[in-house]
Amino acid sequence: MNHWLLKSEPGTFSIDDLAARPRKTTSWDGVRNFQVRNMLRDAVKKGDQAFFYHSSCAVPGIVGIVTVAREAYPDATAFDPKDAHYDAASTPENPRWYAIDVKLIARFDRVVTLDELREHASTTLSDLLILRRGNRLSVTPVAKREWDFILSLA
DNA sequence: GCCAACGTTGGC
DNA sequence: GCCAACGTTGGC
């Protein structure tokens, strides 16, 4: 099983929004970055687990855990001209973008803040991509060692 | 609102 | 294939 970190802006879709969904499951769609597309399509597998990270908010940080309930499938929002993520270059016959389904496993009692993660940037979390300057990918891999360490902080 | 970082686009 | 312009992300 691989581990990941998924970013979401809580003003758009928060972990509480996920908790309120039927079966606590949502389609993780709207990804329009090729690197992230490739990861979703080729590397993210059913049963993988991911941290749910709140970005662009008062206290950025990790707020819970989700699991991959469904592997990559064509992102239907790309086919809808009225959708904000519409892409005329993506068709059902030849889809360019992919989505996955994620299901909430746990909402942390507190936020493991970005500041807190940074405290370990020179040691255990030195390779964590979210701590790299300029990292903007909405999906990033997390090593098992990093995963276990962050879980111990929560 | 500012700014750094970086991906994408398009002219050449 | 290069690179400037532009758009987006995200912390602050």
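First the proteins, then the strands, lettered A, B, ... as listed; each starts at 1.
- The backbone N or O of A/Leu18 lies less than 3.5 Å from no partner atom in the side chain of A/Thr26, so there is not a single donor-acceptor pair.
- The CG atom of A/Leu131 sits 16 Å away from the P atom of B/dA5 (whole-angstrom rounding).
- Atom C1' of nucleotide C/dG11 and atom CG of A/Leu129 are separated by 17 Å, given to the nearest angstrom.
- The interatomic distance linking A/Leu5 (CG) with C/dG10 (C1') rounds to 14 Å, in whole Å.
- Rounded to an integer number of Å, the gap from A/Asn33 CG to B/dA5 C1' is 13 Å.
- The nearest whole Å value for the distance from the CD1 atom in A/Ile130 to the P atom in C/dG10 is 8 Å.
- Side-chain nitrogen and oxygen atoms of A/Lys7 include at least one within less than 4.0 Å of the OP1 or OP2 phosphate oxygen of C/dG10.
- Across the protein-nucleic acid pair, A/Leu117 atom CG and C/dG10 atom P stand 15 Å apart, rounded to whole Å.
- Between A/Phe52 and A/Trp28, the angle of the ring planes goes over 60°, which puts this pair in the perpendicular group of the 30/60° scheme.
- With hydrogens and angles disregarded, no donor-acceptor distance shorter than 3.5 Å links the side chain of A/Asp87 to the backbone of A/Ala78.
- One atom, CD of A/Gln35, and another, P of B/dT8, lie 7 Å apart when rounded to the nearest Å.
- Base engagement by A/Ser56 is indicated by at least one non-hydrogen atom pair under 4.0 Å involving a base atom.
- Dashed line: the shortest gap from a side-chain N or O of A/Tyr53 to OP1 or OP2 of C/dT9 is not under 4.0 Å.
- No side-chain donor-acceptor contact under 3.5 Å links A/Arg107 to the backbone of A/Ile15.
- The CG atom of A/Leu137 sits 13 Å away from the P atom of C/dG11 (whole-angstrom rounding).
- In this structure, of C/dG10, C/dG11, B/dG7, it is B/dG7 that holds the atom nearest to the side chain of A/Arg136.
- At a threshold of 4.0 angstrom between heavy atoms, the contacts of A/Arg118 are confined to the sugar-phosphate backbone, with no base atom among them.
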